[in-house]
Structures are given as structure tokens and as C-alpha cells.
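This structure is a prediction, so every number in the text was calculated from the model and none was measured. A, B, ... follow the sequence lines: proteins, then strands. Residue 1 opens every chain.
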Amino acid sequence: MSDTEDRRFPTDDPAVVTCGLPYANGGIHVGHLRSFVGGDVFSRALEKVGQETAFVCGSDMHGTPIAVQAEREGRDPEELALRWHEEFTEQFPEFDVDFDNYGHTHDGTNTELTREFVRRWIDGDHVIEREIQVAWDPEVDQPLPDRFVEGTCPYCGETARGDECDEGCQRHLEPGEIVDPVSTITGNPAEYRSRTHEFLKLSDFQAYLQGFIDRLEGTDNARNQPREWIEGELEDLCITRDMDWGIDYPDGEDGEQDLVLYVWVDAPIEYVASTKQYSERVGTEEFDWREVWGGDGRDPERSDIVHVIGKDIIQHHTVFWPAMLRAAEYDEPRAVMACGWVTIDGKGLSTSRNRAVWAEEYLEEGFDADFLRYYLATAGGFQGDVDFAWDRFRERVNDELVGVVGNFIYRSLLFANRNFGGTPGADLSPEVEERIEDAIGEFRDGVDDYSVRDVGEAAVRLARFGNEYIQRNEPWKLDDEEAAPVIRDCVQVAKAVTVLAQPVIPSTAEEVWSTLGEPGSVDEVRLAAALEAPPAEFGEPTEPFEKVDPEHTEELAERLEERVAAASEADGAGADDEAEADADADGEAGEAEAAGDGDGADAGELEPLADDRISFEEFQDLDIRVGRIETVDPIEGADDLVKLTVDVGVETRQVVAGIKQLHDLNELPGKKVVLLANLEKAELFGVESNGMVLAAGEEADLLTTHGDAVPGEKIR
RNA sequence: AGCGGGAUGGGAUAGCCAGGAGAUUCCGGCGGGCUCAUAACCCGCAGAUCGGUGGUUCAAAUCCACCUCCCGCUACCA
């Protein structure tokens with residue numbers, strides 16, 4: 001970031017704005033919507049400043065989560081993914097997220113282009129073949145790529161997924177790295193088999209990426225977070241997987257290999273493919289995708305490619321992706337805008353736990369899409385997290401959008417219409433002209449700073465000025481002749497507000513535009529239109545917005561509260577296996593939740609007794625047994641965890657317990673313990689734990705029996 | 001432990017990256033105005049040591065160091 005430099009928008013070249021691909025295995029909620037709205041606002045704003053822009057995206061159809069889900073449901077992955085893809089296609093327009101092209105990664109364009117990328121890598125000698133050990137389920141004789149396998153991270157020892165150490169050090173894991181692999185489908189311990197795979201030599205691009213990251217524009221998090229990777233040792237990226245679902249690896253000669261490309265290979269290429277589809281549809285004279293993506297002899301380090309993503313996929317867009325582009329001799333991204341999460345009560349949304357406000361649900365409640373767009377775009381800085389609360393939503397919409405923006409436009413236009421039948425014939429005052437120019441400047445700065453918020457605020461501030469201005473001049477106390485210049489100014493401000501606000505509230509802006517009697521669409525005009533005279537005649541305006549009913553949001557807040565409570569409960573009880581597919585979905589705040597413990601932990605300070613009573617039946621749901629410890633083995637790499645085998649009469653269970661530092665392990669065998677037998681299985685450090693040994697307090701003081709109860713006896 | 005992001009008047013946020021008159025906007029509180037406007041809008045007040053400590057500087061919310069506390073991904077007490 002050699003500072004603001006002089007590379008301001010617009011440039012002479014066409015730009016492309018992309019949004020992180022929604023993953024086609026679940027619905028869209030407000031968290032996802034934030035990055036789509038952000039991208040849409042930004043691309044509209046770019047056009048407002050005169051930048052030729054294509055806004056493209058597509059559904060992410062491949063990858064193991066979809067394959068896993070399809071397998072579980074006994075369905076075809078393509079059919080599964082397409083169903084969601086269709087839904088996305090319908091939902092985006094409802095929020096005025098208006099892509100110039102929306103494709104998907106499984107379509108012909110992407111498939112072809114992806115293969116071409118890979119061929120270029122091969123031709124450029126950036127791909128090497130390597131024998132690696134891949135996880136394999138011996139029982140069903142099936143390879144276990146990525147998230148088909150879980151195990152222990154070789155770096156930090158945490159439980160990890162096959163493709164990343166999601167719970168520990170967050171490292172990206174290459175196939176074959178994970179220790180103690182277990183199949184996520186069958187639960188079988190996996191074994192490693194030797195397979196030949198293809199690798200993109202990221203190491204070829206280390207120096208390049210170091211320069212790239214200094215050049216990259218966008219939000220700070222995107223420019224800083226990857227530095228650790230780029231400045232460290234870059235490992236080569238395995239670009240193939242042993243799977244059926246995906247794009248076949250283009251190996252030319254022997255079509256024998258049943259390898260497909262890693263999902264993160266074909267997913268970002270969809271950005272290019274989708275742009276290409278757009279070009280093909282409108283014609284290259286209108287928009288030439290090659291001018292954006294390169295290969296046209298321009299400086300590849302000076303593109304106008306802007307990626308809008310969620311902060312969970314920063315590395316993919318700032319390390320893998322630029323290397324992939326470079327290796328195929330395409331241009332590099334100019335900017336990456338990584339937005340924060342949308343939270344509820346400060347905690348992340350969760351698809352699998354229904355801890356969310358769904359896109360569909362929002363619309364069903366009858367709210368204006370512009371309201372949510374406004375809220376999401378301006379509630380906080382783009383890279384910060386934004387809390388979604390219905391009452392905050394109502395507050396900001398009613399007080400700012402309706403009260404300030406809508407009200408100003410309405411009162412101005414109504415006054416003008418009643419007294420003058422339109423815009424009075426008078427000159428624009430220098431004060432107002434200057435103020436509008438300032439607003440245009442704020443808007444421009446917002447675009448150049450990649451600040452969606454500032455872009456949105458520019459219009460609101462101008463409207464606020466408008467209210468002050470009309471109040472200060474009190475035209476209602478003046479005769480028509482005196483009032484004319486004031487109203488002329490107000491109508492001009494109202495028009496300017498409409499132009500400036502259009503990227504955020506496109507549909508309302510459009511209505512106001514036609515109320516003003518302006519020809520064409522506000523979507524088409526540029527910022528300069530804010531200072532052009534409004535029509536001399538226009539009809540009676542209607543109120544641009546209808547307020548949000550407080551009772552309505554109150555009710556929704558209650559409903560949401562219940563839903564969140566339900567999610568937390570489900571959560572407190574359960575392990576974290578359900579997290580599987582979420583992380584890829586962009587804008588999704590993975591699964592948080594530490595369930596209430598953690599606090600009151602200090603010795604000497606006892607937790608209060610629980611208020612909620614449970615029924616005897618509920619108690620009986622717990623299958624608690626007497627057990628006898630047979631063997632004790634410390635778990636390698638873990639501080640406290642040990643692997644126990646416990647005789648519970650009917651069988652012997654393997655249980656993991658965190659008691660290593662608190663008990664002399666040698667004394668444990670033979671000790672009787674109390675075991676919760678029907679707790680769901682969990683995996684800790686790659687070791688399965690089938691039950692829970694009960695212990696008291698922080699010290700994990702093991703419970704035992706005083707009499708002669710025998711293993712297997714039920715506690716009642 | 002690791003990585004990232006924070007800590008600003010009662011609550012929620014902006015400013016800090018390009019350091020300079022004690023600071024934005026929204027809600028809330030108090031008082032006033034106006035009546036064109038969707039009980040809207042406008043004005044004024046209430047007064048906060050801009051998390052702590054030290055440093056750089058003529059000057060720091062804004063830069064540097066250390067610290068504390070939060071939050072997020074996530075965790076070994078299953």
C-alpha cells in the first residue's frame with residue numbers, strides 16, 4: 001500500500017467486483033448477505049464515479065462438504081448443489097444484489113477455464129507430481145480427502161479437519177499431514193495409502209507475493225493477516241483430490257487417474273469464468289473480460305479487480321489466488337475487501353443450529369430490502385463485526401433512513417410540488433452547491449478508501465444538512481417569490497441525496513427519481529447528475545419509506561431470542577461435530593459458544609445452584625454406570641488428557657479424560673469410577689472418547705463408590 | 001498457548017493508517033423552537049482523565065513499548 005498513491009477510481013480500464021462464492025449447501029442469512037450487499041453497493045458506487053464495472057459471482061458447487069452431505073442423504077451432489085444454486089439465483093435479486101452475471105463452478109465455462117488455468121500452470125512448470133500418503137477408509141475402500149477425515153494437527157496437536165487445523169493453530173493442512181486420521185463418514189480409523197497427487201508450487205511465487213501484498217489495496221485485515229504466511233515458508237498447494245465430485249484434473253494422456261481438482265482451485269476461477277460469461281452475453285465491444293483479467297499486455301500488477309469476501313477466506317484470496325493467477329499469467333487483484341461477521345448478541349451466526357436471521361424470513365416479514373441494505377452497509381466499519389438486533393435495526397432505519405433521508409426528500413418535494421408544481425425557477429445558491437460538492441467528495445473518498453460505510457453515509461449527511469437548511473430558512477413563512485430560491489435548493493439537495501444514496505437503496509432511489517420526473521434510471525447516472533437541475537415540473541410525491549413498526553420488531557426480537565436460546569441449549573449439550581460445512585460459506589461466523597462454564601471457575605467461589613428443575617424422566621435419560629479403570633495411557637502432546645479403558649460390566653469403553661496432571665496415573669488402574677455412558681461420542685486429540693468419567697470441580701477429583709458396587713451397575 | 005480485531009461521554013458507533021484547538025453520528029436524559037414534513041424536523045444543555053503505564057514530539061484518542069481486560073476462529077478438563 002504505497003499510500004493513497006494517485007490510483008483513484010475511475011480508471012480508464014474496466015473493473016470487476018466479485019463477491020465470495022456462496023457455498024451451495026445451505027440457505028442464506030443476514031451474515032452472508034452482508035458481503036453480497038457490500039459488494040453490490042461498492043460496484044454500484046464505482047459506476048457512480050464513472051468506473052466501468054462488471055459485478056459477478058456464482059455458486060460454489062464442489063468440495064467435500066457437499067459431497068459428504070450428498071452421501072449422507074443418498075443423493076447426487078450435483079442435484080443437491082443445483083437446488084441451492086437456484087435458490088440463490090432467486091434470492092439475490094430480491095435484495096437488489098444485482099450481479100451482471102451469476103454462474104456456478106460446475107458449468108461449462110468454469111470447467112473449461114479451470115482446466116485451461118491448470119494447463120497453463122503445467123506448461124509453465126509450476127506443477128509437480130508427488131507421492132503422498134492420503135487417508136483411506138480400509139473398510140469401504142475409499143479415499144478420504146479433506147473433511148472426509150479428521151484427526152490431530154501435526155503442528156499443534158489439536159483436533160483438526162483434514163484440510164485445516166480449524167480448532168488449533170489454523171494452519172492449512174495438506175493431504176497426508178493429519179495424524180491419527182479417522183473417517184468422518186464411517187468413524188473408522190483411517191489408514192494412509194500412497195497416492196500420486198499434483199501440487200502447485202507456491203514456493204515459486206514467494207518473492208512475488210511479498211511484493212503483491214505491499215501493493216494490495218482494500219481493508220486492513222486483508223492486507224495484514226496474510227503477511228505471516230507470505231513472509232514465512234510457503235508450502236506447495238496440493239491441487240488434486242481423490243474424489244468423484246469436482247472438475248477432473250486435466251492430465252491429457254491417460255484418463256485413468258480419478259483425480260478431481262481441489263475446490264479452492266476452481267472456485268476463485270469462477271470469478272474469471274463469470275466475467276467471461278458476461279462478456280459473451282453482452283459482447284466484447286461492450287465489456288471485454290480479457291481487459292480486466294489480463295493477457296492483454298497491460299501491466300499485470302495494475303488491474304482493477306476487487307474481491308469482496310468474508311474475513312474467513314482472506315488467505316485464499318491473498319495467497320493462493322494471486323499465485324494461481326500469476327502462474328497462469330493473469331492479472332493480480334487490485335483490492336480485497338474482507339468484511340467482518342454479522343453477530344447476534346455478539347455471537348456468530350450458525351447455519352446448522354438455526355442461530356440466524358434468514359434472508360427469506362426477512363422478506364416474508366414484509367420488510368423493504370433497502371432497509372436491510374442500509375443497516376448492513378452502514379452499521380459499522382466494513383471489516384468490523386456488526387451486531388444484528390431487531391430493535392437496533394428498527395431504530396436506525398426509522399431515525400436515519402426514514403426520519404432524515406426520507407422525510408427530507410418528501411417535505412422538499414411536497415413543498416415544491418404544492419407551491420410551484422415542480423422545481424421553482426431560481427438559481428442554486430453557492431452554499432448549497434458547495435455542500436453538494438462536498439458530499440460528492442465524501443462519496444468519492446469512500447470509494448477510494450473501500451469504505452462501504454462512508455459511501456452510504458455521504459447521502460445521509462447531505463440529507464441531514466438539507467433538514468437543517470430548510471429549517472433555517474423556513475420557506476413556509478415566506479411568500480412564493482421569497483421561498484422559490486430556498487425550495488430550489490432543497491429540491492436540488494433531494495435530488496443529490498437520491499443520486500448518492502442509490503447504491504445503498506437502489507429501489508427507493510429509483511422511485512424518487514421518477515417522482516422527480518427525471519427521465520431514465522438513477523442507476524444509469526453518475527455523480528455529476530447530483531448538480532444538474534431537476535425538472536421544472538413534477539407531480540405530487542409519496543412518502544419514500546414506510547416506518548418499521550416497533551411492535552413488529554419487538555415480536556421478531558422475542559422470536560429470535562427464543563431461537564438463540566434453543567441454539568445455545570442444543571449447543572451446550574452437544575459436541576462440535578455438526579460444524580462441518582459452515583466454514584466455507586462466506587460471511588458466516590463459524591460456531592462460537594463456550595456454553596456457560598469458564599466463569600465462576602475460581603476456587604472458593606461456588607456457582608449458584610441451578611434454578612431450572614429437570615424432571616425425573618430427564619434424569620433417567622442419563623445412563624450413568626459404575627466402571628473400573630483398566631488401563632491408563634497419556635495422550636501424546638496433550639497436557640491433561642489421558643486415554644482410559646473402563647470396564648463397565650457389559651463392555652469395555654475407551655474414554656478420554658482430562659486428569660493427567662491431577663492424579664497419579666499409576667494408581668488409577670483398578671479404581672472404580674462413575675461413568676456417563678450415553679454421552680455422545682467425541683474425539684479429542686484424534687482419540688475417540690466413548691463416555692465421560694465424572695469428576696468434581698476444577699481439580700477433576702474423580703468420583704467413585706464407597707461400597708461394593710460392581711462395574712456395570714446403574715446409578716439411580 | 002496461537003492468530004486476528006477491539007477497549008472513545010449511560011448504551012451503540014466514527015475518528016485513528018496520512019498526530020495540532022478536549023472528539024462524530026444514533027439511542028437515552030433535560031430544556032427550547034418550528035409546524036412544510038411519516039408525533040417528523042431544527043436548536044441548546046447535560047459534560048467525558050478517548051482501557052492502564054511509560055516513551056517519542058512544541059503537540060497524541062491518533063505514533064512506539066509494555067500491561068490489563070474484552071471479542072472472534074478454537075481449545076486439553078466429554
Side-chain angles (χ1 to χ4, degrees), chain A residues 1 3-4 155-160 164-171 220-221 223-225 228 311-312 314 340-341 343 346-348 378-381 383-387 389 391-392 395-396 398-400 402-404 406-416 418-419 449 453-454 457 460-461 464 466-472 474-477 483 487 490 541 543-547 574-576 579 583 589-594 597 635 637-642 655-662 675-676 679-685 688-695 697-700:
Chain A
M1 35 95 233
D3 279 74
T4 325
Y155 300 102
C156 68
E158 296 293 345
T159 302
E164 66 171 327
C165 179
D166 59 322
E167 302 180 353
C169 59
Q170 309 247 284
R171 251 182 253 244
D220 295 334
N221 52 0
R223 303 187 317 176
N224 294 327
Q225 199 172 302
E228 198 191 354
K311 68 182 181 183
D312 54 333
I314 288 175
W341 309 124
T343 58
K347 287 174 186 159
T378 63
Q383 60 172 322
D385 293 347
V386 160
D387 202 54
D391 60 332
R392 288 273 307 152
E395 209 170 83
R396 298 207 59 222
N398 284 354
D399 292 327
E400 297 172 29
V402 186
V404 174
N407 184 239
F408 171 70
I409 290 173
Y410 183 58
R411 70 198 294 204
S412 297
L413 300 195
L414 189 62
F415 201 111
R418 280 183 190 161
N419 294 43
D449 289 342
R453 182 178 206 275
D454 289 352
E457 290 282 302
V460 180
R461 283 184 215 220
R464 198 165 278 134
N467 276 322
E468 285 166 33
Y469 186 79
I470 194 169
Q471 191 72 35
R472 174 160 30 107
E474 300 183 307
W476 47 88
K477 287 185 174 171
I487 295 305
C490 288
E543 296 169 350
F545 303 105
E546 201 173 307
K547 275 193 167 184
D576 50 351
E591 325 293 309
E593 216 53 11
D597 19 37
I635 290 174
D639 293 336
D640 295 341
L641 292 182
V642 295
V655 175
V656 176
I659 55 174
K660 184 169 154 187
Q661 293 180 327
L662 311 161
L675 182 105
L676 177 57
L679 181 68
E680 63 186 342
K681 291 184 187 179
E683 189 181 291
L684 292 119
F685 258 60
E688 185 182 277
S689 183
N690 186 6
M692 178 165 88
V693 173
L694 301 187
E698 283 294 292
E699 301 297 303

> A:Pro544 and A:Tyr410: which non-hydrogen atoms are nearest, and at how many Å?
Replying inline: CD-CB, 3.8 Å

Kindly give the atom pairs (protein nitrogen or oxygen, nucleotide nitrogen or oxygen) under 3.5 Å for nucleotides 9-12 of chain B.
unit_1 : atom_1 : unit_2   : atom_2 : d
B:rA12 : O2'    : A:Arg392 : NH2    : 3.1

> Quick one: A:Lys311 NZ to B:rC71 P, roughly how many Å, whole number?
Replying inline: 14 Å

> Considering only the P atoms, how many Å lie between B:rG28 and B:rC41, rounded to the nearest integer?
Replying inline: 11 Å

>> As an exercise, state the distance from CZ of A:Arg453 to CD of A:Gln383, rounded to the nearest 0.5 Å.
In response: 13.0 Å

>> Heavy atoms only, 4.0 Å cut-off, all strands: where does A:Gly384 land among base, sugar-phosphate and nothing?
In response: nothing

> How far, in whole Å, is B:rA75 from B:rG15 if one measures between their C1' atoms?
Replying inline: 36 Å

>> Without decimals, in angstroms, what is the distance between A:Tyr410 OH and B:rC36 C1'?
In response: 10 Å

> Over how many whole Å does the gap from A:Phe408 atom CZ to B:rC41 atom P extend?
Replying inline: 13 Å

>> Let's see if you can work this out: which of B:rC36, B:rA78, B:rC42 has an atom nearest to the side-chain heavy atoms of A:Glu468?
In response: B:rC42

>> Nearest whole Å is fine: how far is B:rC71 P from A:Asp387 CG?
In response: 13 Å

>> Of the listed nucleotides (B:rC42, B:rU38, B:rA14), which one gets closest to any side-chain atom of A:Asn467?
In response: B:rC42

>> Between B:rU49 and B:rG22, how far apart are the two P atoms, rounded to whole Å?
In response: 15 Å

> Taking any strand in view, what nucleotide pairs with B:rG31 in a Watson-Crick or G-U wobble way, both distances under 3.5 Å?
Replying inline: B:rC43

> Which nucleotide in the list B:rU13, B:rC36, B:rU38 gets nearest to the side chain of A:Lys547?
Replying inline: B:rU38

> How close or far is atom P of B:rC76 from atom CE of A:Met692, stated in whole angstroms?
Replying inline: 14 Å

> To the nearest Å, how far apart are A:Arg461 CZ and B:rC41 P?
Replying inline: 18 Å

>> Has A:Asp385 got a side-chain atom pairing as donor or acceptor with A:Trp341's backbone, closer than 3.5 angstrom?
In response: yes

> Is there a Watson-Crick or G-U wobble partner for B:rU68 with both distances under 3.5 Å, and which nucleotide is it?
Replying inline: B:rA7

>> Using atom C1' in both nucleotides, what's the gap between B:rC45 and B:rG9 to the nearest angstrom?
In response: 14 Å

>> Using a 4.0 Å heavy-atom cut-off, does A:Arg472 contact any base of the nucleic acid, only the sugar-phosphate backbone, or nothing at all?
In response: nothing

> What distance do A:Ile409 atom CD1 and A:Cys490 atom SG have between them, rounded to the nearest 0.5 Å?
Replying inline: 12.0 Å

>> Quick check: closest heavy atoms across A:Gly691 and A:Val655, and the distance to 0.1 Å?
In response: O-CG1, 3.4 Å

>> In this structure, how many angstroms lie between the C1' atom of B:rC73 and the CG atom of A:Asp385, rounded?
In response: 11 Å

>> Please name the nucleotide paired to B:rC63 by Watson-Crick or G-U wobble geometry with both distances under 3.5 Å, or report none.
In response: B:rG55

> Between B:rG52 and B:rG11, how far is it from one P atom to the other, in whole Å?
Replying inline: 15 Å

> Is A:Arg411 close to A:Ile470 at the side-chain level, that is, under 4.5 Å between some pair of heavy atoms?
Replying inline: yes

> If you round to the nearest 0.5 Å, how far is CD of A:Glu400 from OG1 of A:Thr378?
Replying inline: 6.5 Å

>> Work out how far the C1' atom of B:rG6 is from that of B:rC16, and round it to whole angstrom.
In response: 13 Å

> Picking from B:rC26, B:rG72, B:rU38, which would you name as closest to the side chain of A:Asp399?
Replying inline: B:rC26

> Looking across every strand, which nucleic acid part, if any, lies under 4.0 Å from A:Val655 by heavy atom: base, sugar-phosphate, or nothing?
Replying inline: sugar-phosphate

> For the atom pair CG (A:Asp454) and CG (A:Asp449), what is the distance rounded to the nearest 0.5 Å?
Replying inline: 6.5 Å

>> Under 4.0 Å, heavy atoms only, any strand: does A:Arg453 hit a base, just the sugar-phosphate, or nothing?
In response: sugar-phosphate

Would you tabulate the nitrogen or oxygen pairs shorter than 3.5 Å linking the protein to nucleotides 29-34 of chain B?
unit_1 : atom_1 : unit_2   : atom_2 : d
B:rG33 : N2     : A:Gln471 : NE2    : 3.0
B:rC34 : O2'    : A:Trp476 : NE1    : 3.3

>> Closest-nucleotide mapping onto RNA chain B: is A:Glu400 or A:Arg411 further toward the 5' terminus? I mean the 5' end.
In response: A:Glu400

> Can you tell me if CD on A:Glu546 sees more than 12 non-hydrogen neighbours from other groups inside 6.0 Å?
Replying inline: no

>> If I pick the C1' atom on B:rC3 and the same atom on B:rU24, what distance separates them, to the nearest angstrom?
In response: 32 Å

> Taking the P atom of each, how far is B:rG5 from B:rC63, in whole Å?
Replying inline: 13 Å

> Just how far is it from atom CG of A:Asp399 to atom NZ of A:Lys547, taken to the nearest 0.5 Å?
Replying inline: 7.0 Å

>> For the CD1 atom of A:Ile487 and the CZ atom of A:Arg418, what is their distance to the nearest 0.5 Å?
In response: 11.5 Å

>> From CG of A:Asn398 over to P of B:rA39, roughly how many Å is that when rounded to an integer?
In response: 11 Å

> For A:Asp454 and A:Ser412, take the nucleotide of RNA chain B holding the closest heavy atom to each; which residue's nucleotide lies nearer the 5' end?
Replying inline: A:Asp454

>> Let's test this: given Watson-Crick or G-U wobble pairing with both distances under 3.5 Å, identify the partner of B:rA1.
In response: none

> Thinking salt bridges, do A:Glu468 and A:Arg472 make one under a 4.0 Å N-O criterion?
Replying inline: no

